[in-house]
Amino acid sequence: MAGVALVVIAKAPSPGRSKTRLCPPCTPEQAAALADAALRDTIAAMAAAPARRRIVALDGSPDGWLRPGFELHTQRGEGLAERLGDALIAAGGPALVVGMDTPQLSAALLAEAARRLTQPGIDAVLGPAIDGGYWTIGLRRPDAAAFTGVPMSRADTCEAQRRRLELLGLRTALLPPLRDVDTIDDAAAVARSWPETQFATAFARLAPPCVPAQGPGRPFPGGTP
């Protein structure tokens with residue numbers, strides 16, 4: 001497992017550029033604060049997991065959250081698909097890439113993903129998100145062609161990615177699904193289910209009307225469906 005590199009593809013948290021789908025009800029400053037906390041949680045999980053390298057593929061500049069032992073890589077590419085491919089290739093060997101939208105990510109889950117990737121007969125791993133995207137992809141031999149033609153940020157992104165890997169003849173293991181934080185309801189769900197995270201602390205600082213009420217018959221699910 002320590003032979004696998006861990007990569008987070010991230011946008012430096014800043015008002016007006018981070019988590020804009022939370023606005024409204026959040027202000028741009030509140031959304032940026034949540035993005036900052038989510039990124040810090042992700043970095044902490046990566047720091048606690050065994051890894052050959054730990055890389056932040058960043059759009060922007062770090063501001064206090066980059067830990068010792070992490071490498072900084074500037075994102076390259078026109079869209080997310082190209083940037084994912086570039087980030088994995090930069091890792092130079094077996095690698096997992098995650099986003100900054102799942103602050104509930106744990107070191108144990110990263111270690112399990114790395115273990116699956118290094119199993120005999122496995123070429124790739126894919127972790128679905130419940131909105132139809134995915135929270136991680138890992139390749140034993142990174143190749144930008146793995147992302148060719150895969151539409152990003154859609155309800156069918158994960159399925160399209162799975163088909164692309166299959167088309168390339170890659171044997172893919174599926175990982176447990178997680179809930180991305182895209183909307184304010186997502187944020188509330190993750191914060192309620194993982195109260196120990198920095199994200200939950202940041203969410204608790206928000207005031208109505210930013211915080212949605214949990215009405216009867218409307219439970220907030222955890223990270224898996």
- Could you pull out the closest heavy-atom pair between Cys158 and Tyr134, with the gap in Å? CA-CD2, 3.9 Å
- Item | Main-chain N/O of Arg179 paired to Gln104 side chain as donor or acceptor, under 3.5 Å | yes
- Would you mind checking if Glu82 and Arg76 are paired as a salt bridge, meaning a charged N to carboxylate O distance below 4.0 Å? no
Contacts table for residues 58-70: side-chain donor-acceptor under 3.5 angstrom, sequence neighbours left out:
residue: Asp59; atom: OD2; partner: Arg17; partner atom: NH2; Å: 3.2

- Pro103: partners by side-chain contact (heavy atoms from CB on, under 4.5 Å), with sequence neighbours left out: Ala38, Asp41, Val181, Val190, Phe199
- Between the side chain of Asp180 and the main-chain N/O of Asp182, is any donor-acceptor distance below 3.5 Å? no
- Mind checking whether Leu174 and Leu168 sit in one hydrophobic cluster, side chains of I, L, V, M, F, W, Y counted as touching below 4.5 Å? yes
- Cluster question for you: counting only ILVMFWY and a side-chain heavy-atom cut-off of under 4.5 Å, with indirect links fine, are Met46 and Met100 together? yes
- Kindly say whether Ser14 contributes a backbone atom to a donor-acceptor pair with the side chain of Ser18 at under 3.5 angstrom? yes
- Query: Is there a donor-acceptor pair closer than 3.5 Å between any side-chain N or O of Arg40 and the backbone N or O of Ala35?
  - Reply: no
- Task: With rounding to the nearest 0.5 Å, note down the distance linking CG in Leu165 to CG in Leu167.
- Result: 9.5 Å
- Item | Test item: Arg116 and Leu175 side chains (from C-beta on) under 4.5 Å apart, heavy atoms | yes
- Residue pairs passing the salt bridge (Lys or Arg N to Asp or Glu O under 4.0 Å) test where at least one lies in residues 148-161, sequence neighbours excluded: Arg154-Asp156, Glu159-Arg162, Glu159-Arg163
- Task: List the steps and the verdict of side-chain contact (heavy atoms from CB on, under 4.5 Å) for Trp135 and Asp101.
- Result: CA-CA 8 Å; Trp135 62 268; Asp101 297 333; over 6 Å; no
- Message: With clusters defined by side-chain heavy atoms of hydrophobic residues (ILVMFWY) lying less than 4.5 Å apart, directly or transitively, does Ile55 cluster with Ile89?
- Response: no
- Item | Closest contact, heavy atoms only, Ala32 versus Pro15 | CB-N, 3.6 Å
- Query: Linking I/L/V/M/F/W/Y whenever their side-chain heavy atoms sit closer than 4.5 Å, directly or via other members, would Leu96 and Leu178 fall into one cluster?
  - Reply: yes
- Task: Start with the C-alpha distance between Arg53 and Glu71, add both sets of side-chain angles, then the distance that settles salt bridge (charged side-chain N to carboxylate O under 4.0 Å, His left out), and finish with yes or no.
- Result: CA-CA 8 Å; Arg53 299 171 66 185; Glu71 305 169 45; 2.5 Å; yes
- Validation row: Phe147, Leu88 side chains within 4.5 angstrom (heavy atoms): yes
- Task: Decide side-chain contact (heavy atoms from CB on, under 4.5 Å) for Leu170 and Arg164; before the verdict, give the C-alpha distance in whole Å, the side-chain angles of both, and the deciding distance to 0.1 Å.
- Result: CA-CA 9 Å; Leu170 301 181; Arg164 178 59 180 167; over 6 Å; no
- With a 4.5 Å heavy-atom cut-off, do Leu84 and Met152 have their side chains touching? yes
- Message: I want to check something: taking the side chain as every heavy atom from C-beta on, are Pro176 and Leu109 in contact at a cut-off of under 4.5 Å?
- Response: yes
Could you give the side-chain donor-acceptor pairs of residues 2-10 under 3.5 Å, partners two or more places apart or in another chain?
none

- Task: Rounded to the nearest 0.5 Å, what's the gap from CG on Leu34 to SG on Cys26? Could you check?
- Result: 5.5 Å
- Heavy-atom count around Glu78 CD within 6.0 Å, excluding the residue itself: above 12? no
- Can you tell if the side chain of Ile137 reaches within under 4.5 Å of the side chain of Gln161, non-hydrogen atoms only? yes
- Message: Donor-acceptor check, side chain of Asp186 to backbone of Thr183, threshold 3.5 angstrom: yes or no?
- Response: yes
- Task: Could you pull out all residues at least two apart from Ala48 that satisfy side-chain contact (heavy atoms from CB on, under 4.5 Å)?
- Result: Ala107
Identify every side-chain donor-acceptor pair in residues 121-133 under 3.5 Å, counting partners at least two apart or on other chains, and give the distances.
residue: Asp123; atom: OD1; partner: Arg171; partner atom: NH2; Å: 3.3
residue: Asp123; atom: OD2; partner: Arg171; partner atom: N; Å: 2.8
residue: Asp123; atom: OD2; partner: Arg171; partner atom: NE; Å: 2.9
residue: Asp131; atom: OD1; partner: Gly133; partner atom: N; Å: 3.0

- If you group Ile, Leu, Val, Met, Phe, Trp and Tyr by side-chain heavy-atom gaps below 4.5 Å, do Leu139 and Val98 land in one group? no
- Task: Ignoring hydrogens and angles, tell me if any N or O in the side chain of Arg140 forms a donor-acceptor pair with the backbone of Leu117 under 3.5 Å.
- Result: yes
